[in-house]
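Here the structure comes first, spelled out in structure tokens, and everything after it is commentary.
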Amino acid sequence: MFSELQISKLLSYSLSQRKVGINVVPCNFLCNHFCTRIDSTQVTESPELPSWVKFGLTQSSATADSDEDFVVPSLAHWVENHRLHDHGKIVKRMLSEAAETDVEKNSKILQNRYPSPDNVAQALSGSGFIASSSLVEQLLKRFCNDWIAAFGVFKWAKSQTEYRHSPELYDFMVDILGKSKKFHYMWELVEEMNQLGGYVTLVTMSKVMRRLARAGRYNEAVEAFRNMVRFGVNKDTTAMDVLMDALAKENSVEHARDVFLEFKDAIPVNSQSFNILIHGWCKARKLDHAKKAMEDMEKHGFRPDVFSYNCFVEAYGREKNFRKVDGILDEMKENGCMPNVVTYTIVMHALGKASQVSEALEVYEKMKRNDCVPDASFYSSLIFILGKAGRLKDAHELFEDMKKQGVSRDVLTYNTLISCSCMHSQEETALKLLQKMEEDSCKPDLKTYAPLLKMCCRKKRMKLLYFLLDHMFRNDISIEVGTYSLLVSELCKSGKLEQACLFFEEMVSKGMVPKDCTCKMLMKELEGKKMTKPMEHYEKLMSKAKEERNI
């Protein structure tokens with residue numbers, strides 16, 4: 001549990017601030033959705049950039065280009081140990097030349113641009129490397145957002161006589177192709193898996209349905225479910241719930257409801273089926289429909305559980321309707337459904353967003369009265385609220401207190417404090433947290449790096465920027481369209497047009513199509529410098545990328 005002294009200190013500080021009329025900076029929800037169900041068949045997505053990336057950082061006057069190679073002295077040794085190469089050749093990545101593994105050697109080959117997966121496979125075939133499951137898996141992780149390179153690795157390994165892909169690697173490749181919207185190739189691979197016998201499972205079809213739903217191909221996702229039996233996968237309750245969940249999470253709860261109505265007489269429904277609909281309607285802010293789904297749930301003999309109520313708590317919290325939130329909490333208790341740590345975390349987030357920091361801190365007292373123990377997500381939420389309010393000292397104290405209270409710091413906790421540090425331009429603190437993650441064997445993810453990259457672009461810390469990109473690569477984190485767009489936009493704002501162009505070209509060459517606002521920003525900068533030829537070149541690249549995406 002939190003130390004009593006610490007919580008009292010936080011509460012007294014907030015109350016004193018409120019008394020003297022000091023406004024607290026509003027905060028936003030973290031990007032994880034506490035009401036979202038996670039199961040074994042759910043695909044791990046490449047997330048969009050988190051909402052805090054969109055916030056403006058406090059930026060000082062224009063920094064001289066001499067700061068490009070600046071590294072905080074206390075971190076210089078750590079950065080230099082990565083042996084960064086020519087910064088102008090970021091497209092080639094900065095891989096160490098010493099004691100290279102097969103992964104690194106193959107990665108160098110894959111950094112070259114190839115027109116097709118077959119060309120990639122041919123290049124790897126001439127390298128003399130022998131495929132193994134571990135090698136293929138790590139290469140697919142490193143290049144999961146570059147479908148040509150990934151599919152080329154997959155084809156190359158498959159062509160070796162002594163090697164055979166596991167069903168898990170087939171599933172991984174199916175997901176990569178679906179994420180890249182290469183659905184023709186995705187279905188070809190599923191057919192190939194079917195020929196192998198027993199390779200297509202519910203995990204495979206879950207990835208297919210989720211990727212189709214993510215691309216807005218709702219009807220195709222439903223058709224995939226209807227035809228699953230052809231691949232030997234049963235259309236049972238679990239499979240239907242996966243489909244409904246995919247549709248509801250991708251902003252089509254209406255399709256999820258239609259699936260429910262179509263199959264409920266043929267396939268038994270469960271409480272989770274109703275909870276998916278409740279969550280979907282709440283997410284769509286159609287609370288009357290959500291209440292009707294809860295009533296139907298009870299008519300079918302299922303009692304609403306804490307997940308059901310948490311959906312409403314989150315929805316009303318998002319609207320800052322705390323009277324309704326209190327009403328839901330009272331209703332839960334009346335029905336013998338006690339709030340859990342997720343419930344309290346959602347409430348605390350909502351209060352923090354509404355600038356009611358002291359009330360957010362008081363949520364802990366309510367938890368304590370109900371014998372509810374805070375977890376890492378609760379800590380992360382509180383750290384986030386304090387950081388957004390500018391109370392970084394308190395946030396750091398809570399971060400340190402977690403270990404004393406026996407709560408392990410996870411990637412969300414680190415990401416939260418790193419983003420807050422970057423938000424307040426605490427460069428050294430943010431980078432030391434990344435270094436500490438290594439020491440604690442806590443693997444970073446895309447959300448770890450986004451605020452760090454943005455801070456480097458804003459401060460024109462180019463050496464650190466390339467170091468971070470290399471650090472990502474060594475952690476097998478593949479850059480996706482959101483990160484590329486961030487780099488292009490922020491480098492344009494910082495006057496680093498050449499570097500912005502390099503990232504833009506690399507992004508489009510991988511078949512990624514950036515948002516129109518990113519393209520417009522780059523074109524505006526090029527137009528301002530009367531660089532007509534590059535403008536024409538990038539316009540052609542964009543047209544080609546859009547055409548290929550629709551193939």
Side-chain angles (χ1 to χ4, degrees), residues 1-3 6 30-32 34 38 44 46-47 50 52-53 71-84 96 101 103-104 134 137-138 141-142 341-342 345 373-388 391-456 461 464-465 467-479 483:
M1 302 288 281
F2 293 117
S3 63
Q6 200 160 29
L30 286 174
C31 293
N32 63 318
F34 292 102
I38 303 293
T44 301
S46 271
W52 36 258
V53 173
V71 178
V72 176
S74 62
L75 295 162
H77 180 70
W78 182 48
V79 173
E80 292 301 332
N81 275 352
H82 279 71
R83 297 182 61 181
L84 300 183
S96 173
T101 64
V103 172
E104 290 169 337
S134 59
E137 182 180 5
Q138 193 165 353
K141 284 180 181 177
R142 282 194 172 187
V341 65
V342 176
T345 305
V373 180
D375 60 7
S377 292
F378 185 89
Y379 264 103
S380 298
S381 173
L382 188 49
I383 288 169
F384 181 73
I385 290 168
L386 292 169
K388 286 291 186 182
R391 295 168 57 179
L392 290 181
K393 186 175 183 293
D394 289 332
H396 280 280
E397 285 182 0
L398 280 178
F399 179 82
E400 294 300 328
D401 192 56
M402 289 180 70
K403 203 168 185 180
K404 298 174 187 174
Q405 305 304 325
V407 181
S408 298
R409 296 184 291 236
D410 58 14
V411 65
L412 175 61
T413 316
Y414 274 102
N415 289 356
T416 303
L417 197 52
I418 286 173
S419 68
C420 290
S421 300
C422 290
M423 188 69 64
H424 295 279
S425 296
Q426 294 193 353
E427 181 180 348
E428 183 175 6
T429 301
L431 289 165
K432 281 187 174 179
L433 283 166
L434 179 63
Q435 188 179 29
K436 190 172 180 60
M437 288 183 80
E438 285 185 354
E439 297 168 0
D440 288 353
S441 300
C442 182
K443 190 172 176 61
D445 59 17
L446 271 170
K447 292 179 183 178
T448 309
Y449 292 99
L452 292 165
L453 295 174
K454 182 173 184 178
M455 181 178 65
C456 287
R461 302 280 199 250
L464 278 175
L465 178 69
F467 159 75
L468 289 169
L469 292 168
D470 187 39
H471 200 271
M472 290 175 68
F473 196 62
R474 291 173 184 276
N475 278 297
D476 302 324
I477 298 172
S478 181
I479 301 180
T483 306

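As the structure is a computational prediction, the values presented were derived from the model and not from experiment. Hydrogens, waters and symmetry mates are skipped; everything else that's a heavy atom, side chains included, is used.
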>> If we check ring-ring contact (aromatic ring centres under 6.0 Å, His included) with Y414, which of these qualifies: Y449, F384, F399?
In response: F399

Nearest 0.5 Å, please: how far is [atom2] in [Y] from [atom1] in [X]?
{"X": "I418", "Y": "T429", "atom1": "CD1", "atom2": "OG1", "result": "11.0 Å"}
{"X": "C442", "Y": "L434", "atom1": "SG", "atom2": "CG", "result": "10.0 Å"}
{"X": "T416", "Y": "L398", "atom1": "OG1", "atom2": "CG", "result": "12.0 Å"}
{"X": "D401", "Y": "H396", "atom1": "CG", "atom2": "NE2", "result": "14.5 Å"}

>> Less than 3.5 Å apart, any donor N or O on the side chain of S380 or T413 sitting next to an acceptor on the other?
In response: yes

> Does any donor atom in the side chain of E438 or H471 lie under 3.5 Å from an acceptor atom in the other side chain?
Replying inline: yes

For [Y], is there any backbone N or O sitting under 3.5 Å from a side-chain donor or acceptor partner on [X]?
{"X": "N475", "Y": "I477", "result": "no"}
{"X": "T345", "Y": "V341", "result": "yes"}
{"X": "H424", "Y": "S419", "result": "no"}
{"X": "E104", "Y": "T101", "result": "yes"}
{"X": "D445", "Y": "K447", "result": "yes"}

>> Closer than 4.0 angstrom, basic N to acidic O: yes or no for E400 and K404?
In response: no

> So, is the end of the R409 side chain (NZ or CZ) under 6.0 Å from the ring centre of Y379 and within 45° of the ring's axis?
Replying inline: no

>> Quick check: do E427 and R461 have side-chain heavy atoms less than 4.5 Å from each other?
In response: yes

>> Less than 4.5 Å apart, side chain to side chain, heavy atoms only: is that true for K432 and E428?
In response: yes

>> So for atom NZ, which belongs to K403, do other residues, nucleotides or ligands contribute more than 12 heavy atoms lying within a distance under 6.0 Å?
In response: no

